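To find a chain, count down the sequence lines: A is the first, B the second, and so on, and within it residues start at 1. It should be emphasised that the depicted structure is a prediction, and the values quoted were computed from it without experimental measurement.
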Amino acid sequence: MSERKDFLRTIVEADIKSGKCKEVVTRFPPEPNGFPHIGHAKSIAINFGIARDYNGHCNLRMDDTNPTKEDTKYVEALKDAVEWLGFEWEGNVRYTSDYFTQIHDYAIQLIKMGKAYVDSLGEDEIREYRGTVTEVGKRSKYAERTVEENLELFEKMKKGEFKDGEHILRAKIDMSAPNMKLRDPLLYRIRHVEHFRAGNTWAVYPMYDFAHCLSDYIEGVSHSICTLEFENNRDIYNWVLETLSLTPPRPYQHEFARLGINYTVMSKRKLLELVEGGQVDGWDDPRLPTIAGYKRRGYTPESILAFCDSVGIAKANSMVDVSQLEFCIRDDLNLKVPRVMCVLDPLKITLVNYEGSEELDASYYPDDVPKEGSRKLPFSSDICIERDDFMENPPKDYFRLTPDQSVRLKGAYIITCKEVIKDASGKVVEIKAEYSKDSKSGSDTSGIKVKSAIHWVDATRAKEVEVRLYDRLYSVEAPQGVEDLNADSLKIIKNALIEPAVINEKPDERFQFERQGYFYADPVDYTDEKPVFNKIVGLKGSWDKKSKKTETPSKKVEVKKEQIDGEVVAMSQTQQTLFDKYTIELKLNSEVANTLARDAQLSAFYEEALSQLNSPVSLANIVSNEVARELKQIEISELKFSASQIADLVKIIDDGTISNKIAKQVFEEMVNSGENPSKIVEDKGLVQISDPAIISAIIDEVMTKNPDNVEKFKAGNKKLLGFFVGQVLKATGGKANPQVVNQLVGQKLK
RNA sequence: UGGGGUGUCGCCAAGUGGUAAGGCACUAGUUUUUGGUACUGGUAUUCGGGGGUUCGAGUCCCUCCACCCCAUCCA
């Protein structure tokens with residue numbers, strides 16, 4: 001568990017501490033209507049992770065309330081995903097459909113309470129009656145049906161006596177609620193479809209909003225964690241649970257931002273389009289952000305989890321850069337997998353001064369990877385290197401083989417180009433080179449310095465393999481549709497050459513092809529006769545990338561957007577009168593006066609306090625700031641403190657008994673207890689310390705404790721003034737007079 | 001437009017009114033038989049804008065702006 005907690009864990013901890021929840025129970029509740037993607041992985045990591053961190057448990061629940069879209073093949077994929085990521089769900093896999101009877105009983109209960117009714121409006125009418133975001137809705141005439149009628153109708157619905165859409169069960173909440181979700185939400189609809197688990201038992205199926213909260217409750221879930229788009233649904237969630245007055249404990253819903261990654265799509269709909277449209281090769285296409293895709297591509301579960309952890313949990317909608325994911329897989333694989341050599345685009349090298357052949361010893365791991373293992377590397381006069389690793393007319397920062405520059409064949413000898421052979425079109429087809437006999441890797445006595453070591457294979461004993469090079473699926477950061485697809489997202493190399501040990505020894509499934517990237521033996525198509533490797537991810541920042549970048553200097557023009565101030569609503573006549581009084585008569589600044597005048601409650605409170613104490617400015621400040629804050633949460637009648645107590649508070653600020661800082665503390669106490677300010681000051685001994693002698697001593701103490709900062713301050717870091725003042729205030733429990741402290745610190749540190 | 005949310009570096013993201021964490025990316029250097037890794041530096045005088053309160057504001061108040069979600073018998 002990381003030191004700094006995300007907001008969900010903060011909530012969970014607070015709930016444990018307050019006793020709101022006895023045991024932490026979470027759930028991962030996907031609808032089995034599609035293949036899970038990395039967004040699900042985030043949800044899995046959160047739900048199972050929180051349960052693990054707080055010694056609770058997490059259920060896996062299939063939210064199968066819509067029989068028209070769901071299928072058992074998806075539940076298998078979902079189970080696989082959770083298992084692959086290394087989590088275990090509590091007990092069996094749960095299904096919302098297992099609770100259909102209980103949920104149905106709760107619906108009956110709601111009907112009996114007069115809180116639900118059978119509506120017989122058509123689909124269009126329902127939509128029309130719902131109103132819009134700006135207009136209130138109107139209730140259906142069927143809402144007037146008696147409990148008996150509703151019971152009878154719902155029973156018939158359940159028995160399948162009506163056709164789809166003929167009737168619907170709705171909650172009776174509020175057709176004029178500003179939250180559209182609360183305008184008599186639908187609870188049950190008729191569906192004459194076979195459910196993949198419940199078969200034809202039911203003719204009615206509960207809607208998400210009704211089933212989800214109850215399923216959570218039935219399972220004893222404490223924290224129902226979902227994504228941001230369900231924020232509006234929280235009100236129904238609570239309404240259902242509360243009006244049914246269920247025996248506690250009951251679950252509470254919390255929302256976090258779903259995961260977005262650039263250059264890909266995450267919505268089920270768009271993913272489905274790609275699969276069905278044949279743009280990709282099935283749900284496990286390695287270019288897809290599906291769990292199956294990442295799995296087939298070669299990503300490890302550890303890397304996916306590390307990624308989920310690194311992006312954090314917050315409420316701001318965000319788009320994470322793929323490079324962050326790529327870092328996680330590289331970081332994981334770097335310490336795990338063997339290094340081998342594979343030439344993707346071979347260029348023939350003939351070593352004119354080498355005869356016979358030999359087997360060179362080569363470690364699978366570099367010195368900085370603490371793993372053991374090695375293999376034999378066949379070597380002869382016929383070698384293949386990467387075409388990119390030779391240039392006839394290289395730029396100056398090219399480190400590889402050129403007519404004038406030798407290179408080392410990694411793990412073997414240093415070679416020097418002697419002759420470049422080209423075909424009729426001018427393409428280089430072969431290099432004749434010489435090797436340096438005494439430059440053998442590990443026992444190099446040649447003294448030759450080379451700029452780089454390149455990978456290679458023995459041309460005659462290398463194996464031919466297929467390599468699939470994957471690149472980002474889309475060519476734009478936020479793809480809209482198929483038109484944004486990257487045409488080069490898959491490049492297949494049929495005849496790459498790989499050193500034989502990889503095929504013969506099979507030291508692993510994942511490899512680093514030296515200088516290229518990480519690759520994975522394709523779990524589906526790989527055979528010993530025809531090996532296939534998927535590129536998981538390239539190595540970081542190669543020279544290629546750098547050179548490409550300089551070609552296209554994507555200069556970003558900095559356009560500082562001018563922010564336009566919108567129009568402020570004009571004040572009413574009475575507000576204007578108050579405003580004028582405050583500014584002219586009481587000499588308040590216009591901002592404070594504005595705040596007060598525009599809020600009837602605040603101005604009334606202010607006037608009352610003013611009648612107790614003639615200190616218009618101080619009073620106005622505290623009312624327009626502190627009191628205003630409290631009033632944002634609760635009604636004025638619920639306030640524990642009175643206007644006259646505020647007047648008392650201001651009085652002791654004005655006479656210097658307490659500082660403004662302490663006043664905040666006192667105010668907070670008043671909010672909680674409604675106690676008189678002077679009593680609080682007395683009880684807690686909050687009278688401020690203004691004696692320079694006392695403060696001076698404390699400053700000295702702080703200075704000796706923080707010599708570095710004293711230096712920094714003297715060197716000109718004036719920001720540190722706040723630091724010292726803060727330390728002194730901390731040492732005195734906030735009681736030191738900050739003005740005096742400021743002045744003294746300033747003097748001492750001159 | 002009503003309601004619900006969210007704005008801190010190029011991308012994520014911490015931040016009890018008291019020195020703006022961390023990661024990715026970028027960049028410079030050191031080590032390196034991978035242009036990898038590792039290591040060491042450099043990257044926000046400023047937190048969407050503007051006011052206000054305060055000795056002191058990313059944090060409190062007011063206001064404006066931008067973006068996301070809600071009017072499926074989907075979840």
A:G517 near the nucleic acid: base, sugar-phosphate alone, or nothing, with a heavy-atom cut-off under 4.0 Å?
nothing
Separation of B:G18 atom P from A:N706 atom CG, nearest Å, is 16 Å
Mind checking what makes side chain to side chain contact (heavy atoms under 4.5 Å, CB included) contact with A:A412, not counting sequence neighbours?
A:L360, A:F379, A:L409, A:W456
List in chain and number order the residues that pass side chain to side chain contact (heavy atoms under 4.5 Å, CB included) with A:D235, two or more places apart in sequence or in another chain; answer none if no residue qualifies.
A:N179, A:L182
Separation of atom NZ in A:K730 from atom C1' in B:G17, rounded to whole Å:
13 Å
For A:E477, which residues count as a side chain to side chain donor-acceptor pair (under 3.5 Å) partner, sequence neighbours excluded?
A:N262
Look at the side chain of A:R515 against the base of B:U34 and say whether a donor-acceptor pair falls under 3.5 Å; ignore hydrogens and angles.
no
Would you mind telling me which residue lines up with the more 5' stretch of RNA chain B, A:K451 or A:K712, judged by nearest nucleotide?
A:K712
From CZ of A:F399 over to P of B:G35, roughly how many Å is that when rounded to an integer?
9 Å
Protein-nucleotide distance (A:E255, atom CD; B:G4, atom P), rounded to Å:
14 Å
Does A:K451 reach the side chain of A:V407, with side-chain heavy atoms less than 4.5 Å apart?
no
Base, sugar-phosphate, or nothing: which does A:K315 touch, judged by heavy atoms less than 4.0 Å apart?
sugar-phosphate
Quick one: list whatever passes ring pair (Phe, Tyr, Trp, His ring centres under 6.0 Å) with A:F154, sequence neighbours left out.
A:H104, A:Y188
Confirm from the modelled atom types if A:D368 and B:G36 form a donor-acceptor pair under 3.5 Å, side chain to base only.
yes
Would you state whether a donor and an acceptor, one from the side chain of A:R400 and one from the base of B:G35, lie under 3.5 Å apart?
yes
Pull out every protein N or O sitting under 3.5 Å from an N or O of nucleotides 67-75 of chain B, one pair per line with the distance.
unit_1, atom_1, unit_2, atom_2, d
B:C68, O2', A:N317, ND2, 3.1
B:C69, O2, A:N232, ND2, 3.4
B:C70, O4', A:N232, ND2, 3.2
B:U72, OP2, A:R127, NH1, 3.0
B:C73, OP2, A:R130, NH1, 3.4
B:C73, OP2, A:R130, NH2, 2.9
B:C73, O2', A:R191, NH2, 3.2
B:C73, N4, A:G165, O, 3.0
B:C74, OP2, A:R189, NE, 3.3
B:C74, OP2, A:R189, NH2, 3.1
B:C74, OP2, A:R191, NH1, 2.9
B:C74, O3', A:R189, NH2, 3.1
B:C74, O2', A:N66, ND2, 3.1
B:C74, O2', A:K69, NZ, 2.8
B:A75, OP1, A:T65, OG1, 2.7
B:A75, OP1, A:R189, NH1, 3.4
B:A75, OP1, A:R189, NH2, 2.7
B:A75, OP2, A:Y208, N, 3.1
B:A75, O3', A:D63, OD2, 2.7
B:A75, N6, A:K181, NZ, 3.1

B:U46 and B:A57, which share atom name P, separated by this distance in whole Å
14 Å
Of the listed B:G7, B:C12, B:C24, the closest approach to the A:F327 side chain comes from B:C24
Give the nucleotide from the list B:G36, B:A25, B:A13 with an atom nearest to the side chain of A:S323.
B:A25
Within this structure, what is the CG-to-P distance between A:L596 and B:G52, rounded to whole angstrom?
16 Å
Within 45° of the six-membered ring axis of A:Y413 and under 6.0 Å from that ring's centre, is NZ or CZ of A:K440 located there?
no
Could you tell me whether A:K315 and A:E231 make a salt bridge, using a distance below 4.0 angstrom between a side-chain N and a carboxylate O?
yes
Hey, which of these two, A:N742 or A:I313, hits RNA chain B nearer its 5' end, going by closest nucleotide?
A:I313
Evaluate the salt bridge (charged side-chain N to carboxylate O under 4.0 Å, His left out) criterion for residues A:R515 and A:D389: first the C-alpha distance (whole Å), next the side-chain angles of each, then the deciding distance (0.1 Å), finally the verdict.
CA-CA 11 Å; A:R515 301 207 305 135; A:D389 287 340; 2.3 Å; yes
Over how many whole Å does the gap from A:N660 atom CG to B:U54 atom P extend?
6 Å
What contact category does A:T134 fall into here, base, sugar-phosphate, or nothing, at under 4.0 angstrom with non-hydrogen atoms?
base
Presence of donor-acceptor pair under 3.5 Å, side chain of A:Q324 and base of B:G23
yes
Could you list, one pair per line, each protein nitrogen or oxygen that sits under 3.5 Å from a nitrogen or oxygen of nucleotides 57-63 of chain B, together with the distance?
unit_1, atom_1, unit_2, atom_2, d
B:C60, O2', A:R629, NH1, 2.8
B:C61, OP1, A:K632, NZ, 2.8
B:C61, O4', A:N625, OD1, 3.3
B:C61, O2', A:S624, O, 2.5
B:C62, OP2, A:K632, NZ, 3.0
B:C62, O2, A:E591, OE2, 3.1

Taking atom P in both B:C39 and B:G18, compute the distance separating them and give it to the nearest angstrom.
33 Å
OP1, OP2 of B:U53 versus side-chain N and O of A:N589: anything below 4.0 Å?
yes
N/O contacts under 3.5 Å, protein versus nucleotides 40-46 of chain B?
unit_1, atom_1, unit_2, atom_2, d
B:U46, O4, A:K719, NZ, 3.1

Results of salt bridge (charged side-chain N to carboxylate O under 4.0 Å, His left out) for A:D444 - residues two or more places apart only
A:R408
A:K735 NZ - B:C55 C1' separation (whole Å)
19 Å
Taking only N and O in the side chain of A:Q739, is any of them less than 4.0 Å away from OP1 or OP2 of B:C55?
yes
Does A:K730 have any side chain to side chain contact (heavy atoms under 4.5 Å, CB included) partners at least two apart in sequence or in another chain, and if so, which?
none
Which residues pass the ring pair (Phe, Tyr, Trp, His ring centres under 6.0 Å) test with A:H40, sequence neighbours left out?
A:H37
Non-neighbouring partners of A:Y208 that pass ring pair (Phe, Tyr, Trp, His ring centres under 6.0 Å), sequence neighbours left out:
A:H212, A:F230
Checking all strands, does A:G411 fall into the base, sugar-phosphate, or nothing category for heavy-atom contacts under 4.0 angstrom?
base
Nearest-angstrom distance, P atom, B:A25 to B:A38:
10 Å
Using a 4.0 Å heavy-atom cut-off, does A:V725 contact any base of the nucleic acid, only the sugar-phosphate backbone, or nothing at all?
base
Under 3.5 Å on both distances, the Watson-Crick or G-U partner of B:U19
none
Listed by chain and number, what are the side chain to side chain contact (heavy atoms under 4.5 Å, CB included) partners of A:S436, not counting sequence neighbours?
A:I414, A:D438, A:S439, A:I448
Begin from the C-alpha positions of A:R400 and A:E386 and carry the test salt bridge (charged side-chain N to carboxylate O under 4.0 Å, His left out) through to its verdict.
CA-CA 10 Å; A:R400 289 107 97 151; A:E386 206 70 59; over 6 Å; no
For B:G2, the nucleotide meeting Watson-Crick or G-U wobble distances (both under 3.5 Å) is B:C70
